[in-house]
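Heavy atoms only: backbone and side chains are in, while hydrogens, waters and symmetry mates are out. Remember, predicted model here, so these are calculated numbers, not experimental data.
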Amino acid sequence: MADDRGRPRRAGAQPGLRTVAVQGALDALAERRRGELGRPLRVLDVGGGTGGTAVPLAVAGHDVTVVDPSPDALASLRRRAAETGTTERVHPVQGDTDTVAQPGPDGARPTYDLVCLHGTLEVVDDPDTAVANLAAVLAPGGTLSLVVAQRLPAALARALAGQFARARAILERPDGRWGDDDPAPRRFDEAGVLDLLRAHGLTPVDSHGVRIFSDLVPSALVDSEADRTALLELEDVASRHPDHAALLGALGSVRHVLATRD
């Protein structure tokens, strides 16, 4: 399987490093919002697959609906929820961004305090429609958590591999692809993502690059918990440094954006 930069994924400690920063931000957000509301959150995770995001939130006590088009992924989600004792708080639903805003059996449209769309905006038919549908089910004061693949690091990776035509295409094409054989359907720039969110009444409150270094470091160099912790700390500093965050964040394989609905 290829990563967001178009390279084969490496085994070892890397997969956890790819998700832990985003999950940490979500955990902190969910706990803060729980304190404000005085109850667990109603969470929607679209494209949530086997529950990498949903199950930790359910373990923390939140109620999570996972919408995914894959029956196999949802079956794995059910097993994972059973293993963690969260079956009553995890609700698998087969569907996609086009179905989330449909009224329920009672005719009412569901609303959520937190909506997650991680690694999915790249593959939807129409990003504008997808964001509109998610904004429609976000409760006032709620937050959309969006994770998207970035254009610049993919171009840099192709250039470093000597694939200069592909790197140029990634920078020049509106969809951020190097060509029809590119496994990534779409890549984004920060400005375009923020404009898309604002167009649907959402206010970006945080935007930072994720996996600035993690995808570049060989697994052999992260073979202990101390190494892993040090790399995560480096990622956090790089993504939020007051002088360098904008520059280094643009090099992250993905961008994590949090946006609220007034």
Side-chain angles (χ1 to χ4, degrees), residues 22-23 25-48 53-54 57 62-69 91 93 95-104 106-151 174-176 185-210 239-240 245-246 249-250 252 254-262:
V22 171
Q23 192 66 47
L26 282 184
D27 291 343
L29 167 66
E31 283 309 296
R32 183 173 66 251
R33 189 62 176 151
R34 190 210 307 251
E36 295 168 353
L37 295 174
R39 59 167 173 78
L41 303 192
R42 299 184 302 270
V43 181
L44 172 66
D45 184 8
V46 184
T53 295
L57 289 170
H62 304 289
D63 190 79
V64 189
T65 298
V66 179
V67 175
D68 196 282
H91 313 289
V93 177
D96 54 29
T97 56
D98 291 330
T99 64
V100 294
Q102 294 177 353
D106 60 355
R109 175 183 289 168
T111 59
Y112 302 91
D113 307 302
L114 172 62
V115 174
C116 301
L117 189 71
H118 297 173
T120 301
L121 198 64
E122 295 89 336
V123 301
V124 300
D125 292 336
D126 181 6
D128 186 74
T129 299
V131 173
N133 289 339
L134 297 183
V137 298
L138 193 61
T143 300
L144 171 66
S145 173
L146 179 66
V147 176
V148 295
Q150 294 205 100
R151 179 196 304 263
D175 58 10
R186 193 181 289 115
R187 297 184 181 90
F188 294 89
D189 300 306
E190 180 184 23
V193 170
L194 300 186
D195 286 345
L196 177 60
L197 296 174
R198 294 186 181 107
H200 293 286
L202 302 177
T203 302
V205 295
D206 188 27
S207 174
H208 60 275
V210 179
S239 67
R240 301 180 184 279
V254 300
R255 178 161 293 274
H256 186 201
V257 181
L258 298 175
T260 61
R261 180 184 175 190
D262 297 331

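Considering only residues two or more places apart in sequence or on other chains, D195 meets the salt bridge (Lys or Arg N to Asp or Glu O under 4.0 Å) condition with R198. Considering only residues two or more places apart in sequence or on other chains, T120 meets the side chain to side chain contact (heavy atoms under 4.5 Å, CB included) condition with L117, V123, V124. In this structure, the salt bridge (Lys or Arg N to Asp or Glu O under 4.0 Å) partners of D206, at least two apart in sequence or on a different chain, are R240. For Q23, the side chain to side chain donor-acceptor pair (under 3.5 Å) partners two or more places apart in sequence, or in a different chain, are D27. For the salt bridge (Lys or Arg N to Asp or Glu O under 4.0 Å) test, no residue two or more places apart in sequence or in another chain qualifies with R186. Looking at residues two or more places apart in sequence or on another chain, you find a side chain to side chain donor-acceptor pair (under 3.5 Å) between S145 and H118, H256. For D175, the side chain to side chain donor-acceptor pair (under 3.5 Å) partners two or more places apart in sequence, or in a different chain, are R173. Among residues two or more places apart in sequence or in another chain, the side chain to side chain contact (heavy atoms under 4.5 Å, CB included) test is passed with Q102 by T99. For T129, the side chain to side chain donor-acceptor pair (under 3.5 Å) partners are D126, not counting sequence neighbours.
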Let me see the working for V257 and L194 under side-chain contact (heavy atoms from CB on, under 4.5 Å), right down to the final yes or no.
-> CA-CA 8 Å; V257 181; L194 300 186; 3.8 Å; yes

Between V147 and V210, is a side-chain contact (heavy atoms from CB on, under 4.5 Å) present by the stated rule, with each step listed?
-> CA-CA 9 Å; V147 176; V210 179; over 6 Å; no

Audit row: V67, L44, side-chain contact (heavy atoms from CB on, under 4.5 Å) steps and yes/no | CA-CA 7 Å; V67 175; L44 172 66; 3.7 Å; yes

Given the rule in the side-chain contact (heavy atoms from CB on, under 4.5 Å) test, do C116 and L26 qualify, once you have shown the distances and angles that lead to the verdict?
-> CA-CA 9 Å; C116 301; L26 282 184; 4.0 Å; yes

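Note that CZ of R34 is 4.0 Å distant from NE2 of H62, once rounded to the nearest 0.5 Å. For the atom pair CG of L197 and CG of L146, the computed distance is 6.0 Å after rounding to the nearest 0.5 Å. Put simply, CG on L29 and CG on L57 are 9.0 Å apart, with the number rounded to the nearest 0.5 Å. With rounding to the nearest 0.5 Å, the separation of CD in Q150 from CZ in F188 is 11.0 Å.
The salt bridge (charged side-chain N to carboxylate O under 4.0 Å, His left out) pairs that include a residue from residues 127-148 number zero, where partners must be two or more places apart or lie in different chains. Annotation: salt bridge (charged side-chain N to carboxylate O under 4.0 Å, His left out) contacts involving residues 107-117, sequence neighbours excluded, comprise R39-D113, R42-D113.
A donor-acceptor distance shorter than 3.5 angstrom exists from the side chain of E122 to the backbone of A149, with no hydrogens or angles considered. Side-chain atoms of D96 never come within 3.5 Å of backbone atoms of P69 as a donor-acceptor pair (strictly under, hydrogens ignored). Although no hydrogens or angles enter the test, the distance criterion places a donor-acceptor pair under 3.5 Å between the side chain of R187 and the main chain of G176.
The closest side-chain heavy-atom distance from P204 to L258 is not below 4.5 Å. For the pair L134/L202, no side-chain contact is recorded, criterion being any heavy-atom separation below 4.5 Å from C-beta on. For the pair D262/T203, a side-chain contact is recorded, criterion being any heavy-atom separation below 4.5 Å from C-beta on. Side-chain contact between T65 and V43 is absent, with no heavy-atom pair separated by less than 4.5 Å.
The shortest non-hydrogen separation linking A130 to L121 is CB-CD1, 4.1 Å.
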Scan the side chains in residues 135-144 for donor-acceptor partners under 3.5 Å anywhere in the protein, sequence neighbours excluded, and list what turns up.
none

